[in-house]
Amino acid sequence: MNQHTLDVLEYDKIREILVSYGSSGLGKNLAQQIQPLTDVHRIAQLIAETTELKSLLAPDHWLPLGGLHDLFPLLDKLENGAEILQREEILLIKETLWASRNIIGYLEDAGESYPHLLQLAHAISIYPEIEAKIQRTLGTSGEILNSASPDLKSFRRNITVLRGRIRSKLQGILRSKGVNPYLQSAVVHERKGRPVIAVQERHARRIPGATRDKSDSGNTVFIEPEAIRGMGNELEAAMNAERAEIVRVLQEITAMIAAKVKPLRKTLKTLAHIDMTYAKVRFSRDYEMNPPSLNTDSVINLNNARHPLLLGLQHSGDLEVVPVDFRLGDDFDTLIITGPNTGGKTITLKTVGLLTLMAQSGMHIPADESSTVGVFSHIVADIGDEQSIEQSLSTFSSHLRNIAEILSLSSDKSLVLLDELGGGTDPADGAALGRSVIEYLHKRKARTVVTTHISPLKNLGYTVPGIENASVEFDIETLRPTYKLLIGTPGSSNALMIAKRLGLPREVIENAESGVTQQDDNTAELINQLQAAKGIAEQNKVEAARTKAEALRLEHEYHNKLGELADKEVKMREQLGREAFKTLRTIKDRIDRLRRVQTSQKSLLKSLGEICGYMAKALNESPEENQRQKFIDKLKPGDQVFVCSLERVGTLAVVDVENQKAVVQLGAMQMTVPLDDVEIDVSVQG
């Protein structure tokens, strides 16, 4: 994404908030590197992960990330050839491996309802052999345990025995008459790992042995008596063996870890990703965010959208944030927002841009869940006073340079945000330049949002298809903006109304109104006519949508009624089945008799005639048949009829006796229904 755009939309502040929600160095470092993406599938995956984790932890549970550390520097150290890690470094690895197992267990317990979280859990590797080795070797404070190795345990046992023998021997020396009078203190000391006694410096020559150290004052000399020198050498050798074994054990652990550097890196990346996802969840919770729907059609539809940085001020009680409804890219590609300063135009612009950047970063956004955001290849903006001192450019020149870059990047996959287009120069020149820029972007189908004070730019919203006007509502009574975005309504500076409310002399106001009238009378009339025509078109559009919805409802209702009639027909057939079966049995018996008896063609025809007469008589005796036939004979186009299945009255248009169907006019639509489904409207007959 364009760095200038990230700067003016204050994306870095969103990044800082996300970093603050990180639970470990892993998550914080990854959050510090977050950037908007353009791959819709990857973005959808990131949003789904955040949504699943938020659902899993609802309403206010915490993800167990305790013990997680950033081990990447240690892994770098191992890859650069380090043969031994410090104890505290190994403890960090142990705690992180323990945290990994906790996270895996927590996410796997969520079950198949959270497929993205399960996928993350499966990407974490565990190393029980390394954990066990560290557990046997190091205590919680980093001390080397006897269980680190059998040799270490043996060396330490030997050291303990030697120390005991030496201490016992020294106690006897300290009590002896040849030594005791020359002592500085009658206790056993240790210097450089060797047991010694403290002797007054002036009597040091009287004690046979090796001088191991002196006090800072020089008054005390620490001497290892000759009588224990051999045992001291044994102790030193045992202690050297202990130290060598400790080094060997730490090297062994280091080698085990070094052998898993690559899979450990992969696991750490997954843990960092989980930590950052959890940071997104906490951000989403505190700022009441929701997951947006994504589309590749460059359509934005935000419902109750709030600027997240303003929400932070609202939480502190310094501000009340007014939500905004915004749409772009469906029925129009370019939106021109006009109106006075401090009306919220720039905030609307920044809200749209920042929420789109957040969505493309895989975050939830502070808007209703019904909101949808397009995935753009470029999001570019020119907002605010960006004077460049280094390049000696004026504010206007700086804006032009930004706009030039924006135009070079524009396409149907671009979101362009331009604040106060055409400002900073002569109004006529600014209007001409602004119009040309808008038309250039619109021709390339870039999704464009423009704020401006220049009134002539409003005309584009009336004369160019796909360009729409908007304004931020202004309460003239309170002289304050309501911050409600009104799409389809151009804004006004309201300067004269405000001046009148603030008490400027009537003569000044009237002269100003006269000047405005003489200058803009024709334009205002044209705008009024276009606004009226647009209002009628919108009403017609709403009415057409309502009629279509009503037609769909009627069609649905008709099919439902038709189904009910079919069910009733089945039941009626079941009820009349016995009588019909009796009639059919009689006909079958007569035909069987004809087959058994040899007859002439004349007698056969006679018998068939009798059967037909029998059937006709059975049918004619049915009162329903007589009544139905009389009803059909009376039907004619123009009759008011009642359609039973729809329970509605309509006008008969066509009677098709052969196919037993009728065409009925119901309001603005015609429907073909069975003749059995219509009756004469009794209310008309009466």
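We use all heavy atoms of the structure for the numbers below, so side chains are in, but hydrogens, waters and symmetry mates are not.
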| request: Look only at the side chain of T547 and the backbone of E543, and say whether a donor-acceptor pair between them is shorter than 3.5 Å. | output: yes
| Can you tell me how far CG of L485 sits from CD1 of I337, rounded to the nearest 0.5 angstrom? | 5.5 Å
| said: Is there a side-chain contact between T448 and L335 in this structure, where contact means two heavy atoms from C-beta onward sitting under 4.5 Å apart? | reply: no
| field | Atom NZ of K413 with >12 non-hydrogen neighbours under 6.0 angstrom | value | yes
| request: Identify whether NZ of Lys or CZ of Arg in R285 sits under 6.0 Å from the centre of the six-membered ring of F283 and within 45° of that ring's axis. | output: no
| said: Return the OG to CE distance between S371 and M289, rounded to the nearest 0.5 Å. | reply: 12.5 Å
| request: Taking the side chain as every heavy atom from C-beta outward, state whether L354 and I14 have any atom pair closer than 4.5 Å. | output: yes
| Least distance between heavy atoms, R447 atom then D297 atom | NH2-O, 3.2 Å
| query | Salt bridge or not for E439 and K443, using N-O below 4.0 Å? | reply | no
| said: Please report the interatomic distance CG(N301) to CG(L328), rounded to the nearest 0.5 Å. | reply: 10.0 Å
| field | Straight-line distance of R327 CZ to I300 CD1, nearest 0.5 Å | value | 13.0 Å
| request: Check S414 against F376 and note the closest heavy-atom contact, atom names and distance. | output: C-CD2, 3.6 Å
| message | Run the side-chain hydrogen bond (donor to acceptor under 3.5 Å, both in side chains) test on T651 and Q640 for me, step by step, so that the C-alpha distance in whole Å, both residues' side-chain angles and the decisive distance to 0.1 Å come before the verdict. | response | CA-CA 5 Å; T651 303; Q640 292 292 105; 2.7 Å; yes
| task | Taking the side chain as every heavy atom from C-beta outward, state whether V663 and M671 have any pair of such atoms under 4.5 Å apart. | result | no
| field | S370/N303 under side-chain hydrogen bond (donor to acceptor under 3.5 Å, both in side chains): CA gap, chis, key distance, verdict | value | CA-CA 7 Å; S370 58; N303 300 312; 2.8 Å; yes
| request: Consider only side-chain N and O atoms of Y11 and S361, and report whether a donor and an acceptor are under 3.5 Å apart. | output: yes
| Between L355 and P308, is any pair of side-chain heavy atoms under 4.5 Å apart? | yes
| Minimum-distance pair of heavy atoms, taken over all atoms of S377 and S411 | OG-OG, 4.4 Å
| Does a side-chain heavy-atom distance below 4.5 Å link L407 with Y440? | yes
| For S284 and K54, does a side-chain donor sit closer than 3.5 Å to a side-chain acceptor? | yes
| To the nearest 0.5 Å, what is the distance between CG (L46) and OG1 (T277)? | 7.0 Å
| Counting distance only, does the side-chain N/O of D412 pair as donor-acceptor with the main-chain N or O of K445 below 3.5 Å? | no
| note | For N2 and T5 the tightest heavy-atom approach is OD1-N, 2.8 Å
| Stepwise, does the side chain to side chain contact (heavy atoms under 4.5 Å, CB included) test hold for Y462 with I467? | CA-CA 8 Å; Y462 298 108; I467 298 182; over 6 Å; no
| message | Looking at A470, is its backbone amide N or carbonyl O close enough to the side chain of E468 to form a donor-acceptor pair, meaning the two atoms are under 3.5 Å apart? | response | no
| said: Please report the interatomic distance CD(Q360) to CG(D39), rounded to the nearest 0.5 Å. | reply: 10.5 Å
| Are the side chain of T452 and the backbone N or O of I454 linked by a donor-acceptor pair below 3.5 Å? | yes
| Can any side-chain N or O of N295 pair as donor or acceptor with the backbone N or O of S298 at less than 3.5 Å? | yes
| task | Could you walk me through whether D419 and D382 pass side chain to side chain contact (heavy atoms under 4.5 Å, CB included), step by step? | result | CA-CA 6 Å; D419 190 31; D382 182 68; over 6 Å; no
| task | Say whether T51 and H364, considering side chains only, have a donor N or O and an acceptor N or O under 3.5 Å apart. | result | yes
| query | Tell me, do I403 and V437 make a side-chain contact under 4.5 Å, heavy atoms counted? | reply | yes
| query | Does the Q670 side chain pair with the main chain of Q665, one donor and one acceptor, at a distance under 3.5 Å? | reply | no
| request: Tell me, yes or no, whether the heavy-atom count around Q119 atom CD, taken from other residues, nucleotides or ligands under 6.0 Å, exceeds 12. | output: no
| field | Presence of salt bridge, E49 and K280, under 4.0 angstrom | value | no
| Are any non-hydrogen side-chain atoms of L421 and T451 less than 4.5 angstrom apart? | no
| said: Using a 6.0 Å cut-off, check whether atom CD of Q660 has over 12 heavy atoms from anything other than its own residue. | reply: yes
| field | Heavy-atom side-chain proximity of L302 to I365 below 4.5 angstrom | value | yes
| task | May I have the step-by-step check of side-chain hydrogen bond (donor to acceptor under 3.5 Å, both in side chains) for Q45 and H116, ending in yes or no? | result | CA-CA 8 Å; Q45 180 183 354; H116 291 88; 5.8 Å; no
| message | If you compare all heavy atoms of G466 against all heavy atoms of H442, which two are closest, and at what distance to 0.1 Å? | response | O-CE1, 3.2 Å
| field | Closest non-hydrogen atom pair between G650 and L666, with its separation | value | CA-CD2, 3.7 Å
